Amino acid sequence: TLGPVSYSDAVELAAPAVANLYTTKVVDKPSHPLFGDPQFRRFFGDNLPQQRRMESSLGSAVIMSPQGYLLTNTHVTAGADQIVVALKDGRETVARLVGSDPETDLAVLKIDLPDLPAITLGHSDQIRTGDVALAIGNPFGVGQTVTMGIVSALGRSHLGINTFENFIQTDAAINPGNSGGGLIDSHGN
């Protein structure tokens, strides 16, 4: 059978369940670059002035249930003092980290908002190499973006990325900020 000419229905179904994440953390940095030099510290010791500043990063997450549980990557939330979730409908809220597993690079967040759109889960055992794959996320912080590719391979392992590896490989463009976002099929699952 012929596939759809447009994937807008699939995107319309799935996109509301993909959120943008903005994380912030407070870091202590030396107030002058010389203060970080080991030779300089040898003479002046460790009691050098520090400057506190905010660092922010961004990523994406998928709303897994109407109760407000989201799935993202651990590396997106690691060390964050605050995680702000921005929904496609314009609502924003602060999330709390429920749990994370660095071994699989997965993290679960919880938000408390009414009427949350949840993603419809597909069945990974029904995916075939060559199927259309759509990636939804927030690349480079420009806002929600959809890229298209195909499922390039299944069961990718021995990559040295994680302890447990059984990846779906896609050639859909994935850029910084897409981490934690959704990979959907041509029906929006």
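Please read all numbers here as calculations on a predicted model, not as lab measurements.
Within the 3.5 Å criterion, the main-chain N or O of V151 finds no donor-acceptor partner in the side chain of T129. With hydrogens and angles disregarded, a donor-acceptor distance shorter than 3.5 Å links the side chain of T145 to the backbone of G143. With T74 contributing its side chain and L106 its backbone, the two residues share a donor-acceptor pair below 3.5 Å. Checking side-chain atoms of D105 against main-chain N and O of N73 turns up no donor-acceptor pair under 3.5 Å.
Minimum heavy-atom separation, L134 to D185: CD1-O, 4.0 Å. When all heavy atoms of T77 and A107 are compared, the closest pair comes out as OG1-CB, 3.8 Å.
Heavy-atom neighbours of K88 NZ from other residues, nucleotides or ligands within 6.0 Å: at or below the threshold of 12. Within 6.0 Å of CD in Q126 there are more than 12 heavy atoms belonging to other residues, nucleotides or ligands.
With a 4.5 Å cut-off on side-chain heavy atoms, V62 and M64 count as touching.
Between atom NE2 of residue H187 and atom CG of residue D9 there is a gap of 11.0 Å, rounded to the nearest 0.5 Å. Taken to the nearest 0.5 Å, the CG atom of L13 stands 7.0 Å off from the CD1 atom of I119.
Applying the 4.5 Å side-chain rule to ILVMFWY residues, one finds L21, I63, L70, V76, I83, L87, L97, L109, I111, L113, L116 in the same cluster as V85.
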**Report entry** Stepwise side-chain contact (heavy atoms from CB on, under 4.5 Å) test for N178 and F140
**Finding:** CA-CA 8 Å; N178 269 101; F140 304 111; over 6 Å; no
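Residues satisfying the side-chain hydrogen bond (donor to acceptor under 3.5 Å, both in side chains) criterion with S65, sequence neighbours excluded, are Q67.
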